[in-house]
Amino acid sequence: MGMLSGWMRGAFARAFPEAETDFADIGVAETSNPEFGDYQCNAAMGLAKLLRQAPRAIAERVAAGPELPDCLARIEVAGPGFLNLYLDSAWLARYVERMAADKTLGTPAVGAGQTVVMDYGSPNMTKPLHIGHLRSHNIGSVLDRLHRFLGYRVVADNHLGDWGTQFGITIMGYRHFGDEAAMQTAPLEELERVYVLSYEKTKADPTWMEQCRAELVKLQSGDAENLEMWEMFMRLSMEELDRMYARLGVKYDVVHGESYYRDKLAGTVANLQAKGLAVESEGAQVVFLEEEKLPVCIVRKSDGGFNYATSDLATVAARVEEFNPDRIIYITDERQQLHFKQVFAVCRRLGFEVGLDHIWFGLMRLPEATFSTREGNVIKLDALLDEAESRALAIIQASSSDMDDAQQREVAAAVGVGAVKYADLSQNPQSLVTFTWDKAMALDGNSGPYLQYAYARIASVRDKYAERYPEGTPETEPLCFDEAIERALALRLIRFGDVLTRAAHQYKPNVLTDYLYDLAQTYSSFYQNVPFLKAPEGVRERRVRLCGVVATVLKQGLDLLGLQTLERI
RNA sequence: ACCCCGGUAGCUCAGUUGGAUAGAGCAUCGGAUUUCUAAUCCGACGGUCACAGGUUCGAGCCCUGUCCGGGGUGCCA
């Protein structure tokens, strides 16, 4: 609530004109308990020393100020000096009406005029997506949509892993163990198979790894045969990836893999050398980062090959040149924290002024162990989504048996993938995720389907109303809160913009899922306990209208999360 | 050895810049459907916020130390 915070700062300034502060830090917060009002301000306690007065006296002086803004009905001082703010209910009702008519639902355009490049997903191109790839795509695409909604210009870039050592390993693997028939039918599975075999061999035979590195160097220096093989791998992988992206609803503005920057790698290293940043050490070109207390950053290996850091440095330069962003945001797992600290440190030394953020998330692991392609204990993302859909379908068949088969499948697809996405998004990105089938596909409680179900029930109310009262016009009926739960619903609705801003700026999709779940829960309680279609005329219309605003907010919120809304479940 | 995270109810997890009585879901138990979709709702049960100090009007949150877990630490990405 930006306007309430602003007013509160003014109220403090008026009450204490002689104070040596502008009260810039003062803000209001939602109350944890309705008995403390709708919003609260706790600043009086913190200012006791500065103002040399008892906190309670400070709060009382602020509360005694002559004028209240239109939105407030009253202010109360409680306990040691809490300021409890009560919104005026009529104002609240008008505000809900206005926000519902607004395209952005009252969300401030905090990102207007700013450009951010978002780097997420970025899968390795030599293997199929597995459940460990879900988080970067999922969290990244939500942050992407949130930023767009807040007015940022977003350039979503899929920085494919298409130019690293894994290709050396894969080329060796394909050459020795490749099966062309399998390559046609299930290319990514086949690439993964030969990769695993080849990788296994590096453990037993040290010269194998050297050969893999040599193949990579050949590829990176333009060897025709390796390049041809690489192009085939890329084409087949991309087809597979596009299919998965359609299923996940992930979209990019640009797909520049590491290979896109391949011609700039040598120049990047030369530039670092010219500026005296990169020096030779143990046969490699490295940047020492002792001032930053970081380990050395290797920008060219002793065998002449370039690595991830080189590629990322070239990428930053290219993005700055092409998009002139205010900020570049990387979304990867936690293991890359050090890498990005190093890359960002080198960028600062190179004089880049663009903001650089690394948003990392916790690894996904199995109850018994960390999974990895190399260990062969992966669960394919495709298989997870299939299982989720079939579980959803079973429930739909049981509860919506009147729905035709095709529609049941369509709903199951939306609910299944929604459940998987939501289960991931609803926790703090930084926590480590231990994968279990049941948790990943929860269909009740705090889950995607719960929200989709709440939306579908509202859609049903809307349709039934239209059927029974074809002449009715709930959309113009002034809102008014007859029941406490209706006011509680309105209070939640007007928080939408604050929630989106916080979710985006803290890079936490779970801020949005928590909010939507709370909203849907409040709505469900309203739905269960208060009649609307059977309420008297007038009351009926305003309740149906309130339902409509909840539906609009739910739909927008689910859309930002990448979950489909269904009119019927 | 060093660096970065984490430890909150039986399980899985939330917890705005430090605020009032630490919250959900699942599980368990008890209720609600001649009704607008029961994938729902209402209620009960459940806590030494890892441990020990410290900072202050006030600490799950900040500081120090310890224990436990995950990740990382020059030629993978």
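Only heavy atoms go into these numbers, but all of them, side chains included; no hydrogens, no water, no symmetry mates. Chain letters run A, B, ... following the sequence lines, proteins first, then strands; residues in each count from 1.
- Among residues two or more places apart in sequence or in another chain, the ring-ring contact (aromatic ring centres under 6.0 Å, His included) test is passed with A:Y507 by none.
- A:V415 comes within 4.0 angstrom of a nucleotide base, judged by non-hydrogen atoms across all strands.
- Using a 4.0 Å heavy-atom cutoff across all strands shown, A:T165 reaches sugar-phosphate atoms only and no base atom.
- Side-chain atoms of A:H339 lie closest to B:A77 of the nucleotides B:C75, B:A77, B:U37.
- Annotation: salt bridge (Lys or Arg N to Asp or Glu O under 4.0 Å) contacts of A:K464 (sequence neighbours excluded): none.
- Between A:I139 atom CD1 and A:K421 atom NZ the span is 12.5 Å, to the nearest 0.5 Å.
- Contacts of A:D333 classified as salt bridge (Lys or Arg N to Asp or Glu O under 4.0 Å), with partners at least two apart in sequence or in another chain: A:R335.
- Annotation: ring-ring contact (aromatic ring centres under 6.0 Å, His included) contacts of A:Y517 (sequence neighbours excluded): A:Y450.
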**OP:** Encode nucleotides 19-30 of chain B as B, S and - characters from 5' to 3', where the letter depends on protein heavy atoms closer than 4.0 Å: B to the base, S only to sugar-phosphate, - to neither.
**Re:** BBB--SSS----
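- Nucleic acid contact class of A:S400 (heavy atoms, under 4.0 Å, all strands): none.
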Pairs of donor and acceptor atoms involving the side chains of residues 38-45 of chain A, under 3.5 Å and at least two apart or interchain, shall be tabulated with distances.
from	atom 1	to	atom 2	distance (Å)
A:D38	OD1	A:R487	NH1	3.1
A:D38	OD2	A:L87	N	2.7
A:D38	OD2	A:R487	NH1	3.4
A:D38	OD2	A:R487	NH2	2.9

Pull out every protein N or O sitting under 3.5 Å from an N or O of nucleotides 61-64 of chain B, one pair per line with the distance.
none

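- Using a 4.0 Å heavy-atom cutoff across all strands shown, A:V530 reaches at least one base atom of the nucleic acid.
- Residue pairs satisfying the side-chain hydrogen bond (donor to acceptor under 3.5 Å, both in side chains) criterion with at least one member in residues 289-306 of chain A, sequence neighbours excluded, are listed as follows: A:E292-A:R349.
- Residues meeting the salt bridge (Lys or Arg N to Asp or Glu O under 4.0 Å) test with A:E60, sequence neighbours left out: A:R56.
- The ring-ring contact (aromatic ring centres under 6.0 Å, His included) check on A:Y261 picks up A:H159, with sequence neighbours excluded.
- Nucleic acid contact class of A:I569 (heavy atoms, under 4.0 Å, all strands): base.
- For A:F306, there are no ring-ring contact (aromatic ring centres under 6.0 Å, His included) partners two or more places apart in sequence or in a different chain.
- Among the heavy atoms of the strands lying under 4.0 Å from A:L338 are primed sugar atoms or P, OP1, OP2 only; no base atom is included.
- Helical stems in RNA chain B, defined as runs of 3 or more consecutive Watson-Crick or G-U wobble pairs with both donor-acceptor distances under 3.5 Å, are listed by first residue as B:1-7 with B:67-73, B:10-13 with B:23-26, B:28-32 with B:40-44, B:50-54 with B:62-66.
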